[in-house]
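Computation of the quantities below employed the complete heavy-atom set of this structure, encompassing side-chain atoms and omitting hydrogens, waters and symmetry-equivalent molecules. Start at 1 with the first residue, then count along the sequence.
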Amino acid sequence: MRKIVIALSVLMALTSCVSKKEYAALEAKNKEIQDLLNSCTVKLNSCLEEKAGLAATAESYKQHNQDLISSSKDLTVLTTKGAENLEKSLESLKEKDLKISRLQDALTKKDSVTLALVTSLKGAVGINDPDIEINVEKGVVFISIADKLLFKSGSYEVSDKAKSVLAKVAKVVNDKPDFECMVEGHTDDVPYKSNGVLLDNWDLSVKRSTSIVRVLTNDLGVNPAKLIAAGRSSYVPLVANDSAENKSRNRRTRIVVMPKIDQFYDMIEKEMKKQAK
């Protein structure tokens, strides 16, 4: 694998920055990675079971040889067959331990990268602001920012207050060149009244996304090649749009941070291919 994009939400519409074909490719890549992790977990569990069985067999041979030693009263005697079987069992157990160790190392490194990213973002952005949420889902980091920090009602012009928040996010992203970010705009279900430029909530969510992308690139120095702009309109709400408070929660911008950890998945893939032979 050359490049990994993890845990993308099912996007229902993309801006001019993201074609349906490109988004479908991202979605397919995410599914491929998840399938690989699932296969890896199944294989790891199987290896652990085989390890336990081999350990029991080795113990049985050890006990058998000890019985032979006790009965013969000669501690230097070990049957040739028993010794060969014991040696084979121990060697097989050693190989299983090595395979398990490789798989666990790959998964641990991937989790370590994600944990380090979350820690960096929380330290830079701050975790005490109720309007900013940072969490991890299936190895992908999500930063959700309430629209009241970013835009005025019905507007897609980024506020000065928002720029200070985005500057903190940009610093973390710029410090880590192997990250990509997707900026998702979300609205509530109140129909947007067309102003001749924007037609509906789809346009508003997309325009807000591209506005933030422009701030990140033009004002904060983020590499445009690392950014993806997307709009979700009102179709992925956090809660039901049945109150003013809930509508406010659903109006948000989500920044999806996706570390490039191809080398770790490559390690897993190579090990799985070895065991499949």
Side-chain angles (χ1 to χ4, degrees), residues 5-31 34 121 125 129-163 165-166 169 173 180-217 222 227-258:
V5 177
I6 358 177
L8 293 175
S9 310
V10 178
L11 302 180
M12 299 188 62
L14 302 177
T15 70
S16 58
C17 297
V18 182
S19 69
K20 289 184 178 180
K21 182 177 180 181
E22 290 172 335
Y23 182 69
L26 286 172
E27 199 170 37
K29 191 67 173 179
N30 184 50
K31 184 178 184 303
Q34 191 60 45
L121 286 170
V125 177
D129 193 330
D131 295 318
I132 302 174
E133 296 181 1
I134 301 175
N135 55 65
V136 179
E137 297 176 16
K138 297 181 180 179
V140 179
V141 178
F142 297 91
I143 307 170
S144 185
I145 307 174
D147 267 11
K148 62 184 178 181
L149 289 182
L150 302 175
F151 311 100
K152 293 180 180 179
S153 178
S155 171
Y156 53 82
E157 183 176 349
V158 180
S159 68
D160 291 335
K161 182 178 180 181
K163 291 178 182 179
V165 175
L166 293 174
V169 176
V173 175
E180 290 183 336
C181 296
M182 179 166 62
V183 181
E184 291 181 348
H186 295 260
T187 70
D188 57 28
D189 65 347
V190 177
Y192 181 79
K193 295 181 180 179
S194 174
N195 60 5
V197 177
L198 304 182
L199 299 180
D200 51 22
N201 282 340
W202 278 115
D203 279 356
L204 179 60
S205 66
V206 167
K207 190 62 177 176
R208 286 180 168 179
S209 174
T210 55
S211 293
I212 289 176
V213 165
R214 289 190 181 95
V215 170
L216 291 173
T217 55
V222 176
L227 298 176
I228 303 167
R232 305 302 301 272
S233 186
S234 61
Y235 297 104
V236 190
L238 293 175
V239 291
N241 285 291
D242 53 8
S243 68
E245 181 180 356
N246 283 355
K247 289 178 187 292
S248 178
R249 286 191 63 192
N250 290 330
R251 294 191 301 270
R252 68 201 188 278
T253 295
R254 189 169 73 161
I255 300 175
V256 186
V257 184
M258 302 170 287

For residues 191-200, dump all side-chain donor-acceptor pairs below 3.5 Å to protein atoms at least two apart in sequence or in another chain.
unit_1	atom_1	unit_2	atom_2	d
Tyr192	OH	Asn195	ND2	3.2
Ser194	OG	Gly196	N	3.3
Ser194	OG	Leu198	O	3.1
Asn195	OD1	Val197	N	2.9
Asn195	OD1	Leu198	N	2.8
Asp200	OD1	Trp202	N	3.1
Asp200	OD1	Asp203	N	3.1

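Put simply, CG on Leu204 and CZ on Phe151 are 8.0 Å apart, with the number rounded to the nearest 0.5 Å. Between the CG atom in Leu166 and the CG atom in Leu216 there is a gap of 5.5 Å [rounded to 0.5 Å]. From Leu149, atom CG reaches atom CD1 of Ile132 across 5.5 Å, with rounding to the nearest 0.5 Å. For the atom pair Cys181 SG and Arg254 CZ, the distance stands at 13.0 Å (nearest 0.5 Å).
Side-chain N or O atoms of Ser211 include one that pairs as donor or acceptor with a backbone N or O of Lys207 at under 3.5 Å. Under the 3.5 Å distance criterion, the side-chain polar atoms of Ser233 are left unmatched by any main-chain donor or acceptor of Tyr235. Checking side-chain atoms of Ser209 against main-chain N and O of Val183 turns up a donor-acceptor pair under 3.5 Å. At distances below 3.5 Å, not a single donor-acceptor pair connects side-chain atoms of Asn250 with backbone N or O atoms of Asp189. Side-chain N or O atoms of Asn201 include none that pairs as donor or acceptor with a backbone N or O of Thr187 at under 3.5 Å.
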Check your understanding: For Asp242 and Lys247, what are the C-alpha separation, side-chain angles and deciding distance, and is it a salt bridge (charged side-chain N to carboxylate O under 4.0 Å, His left out)?
Key -> CA-CA 7 Å; Asp242 53 8; Lys247 289 178 187 292; over 6 Å; no

Exercise for review: Output, in order, the C-alpha distance, side-chain angles, deciding distance and verdict of side chain to side chain contact (heavy atoms under 4.5 Å, CB included) for Asn241 and Asn246.
Suggested key: CA-CA 6 Å; Asn241 285 291; Asn246 283 355; 5.7 Å; no

Review point. Could you walk me through whether Val236 and His186 pass the side chain to side chain contact (heavy atoms under 4.5 Å, CB included) check?
Key: CA-CA 7 Å; Val236 190; His186 295 260; 4.0 Å; yes

Practice item. Apply side chain to side chain contact (heavy atoms under 4.5 Å, CB included) to Val158 and Lys163, showing your working. Key: CA-CA 7 Å; Val158 180; Lys163 291 178 182 179; 4.1 Å; yes

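One finds a salt bridge joining Asp147 and Arg208 here, because a Lys/Arg side-chain nitrogen approaches an Asp/Glu carboxylate oxygen to under 4.0 Å.
Residues that satisfy the salt bridge (charged side-chain N to carboxylate O under 4.0 Å, His left out) test with Asp188, not counting sequence neighbours, are Arg251. In this structure, Arg252 has no salt bridge (charged side-chain N to carboxylate O under 4.0 Å, His left out) partners at least two apart in sequence or on a different chain.
At least one side-chain heavy atom of Met182 sits under 4.5 Å from a side-chain heavy atom of Glu184.
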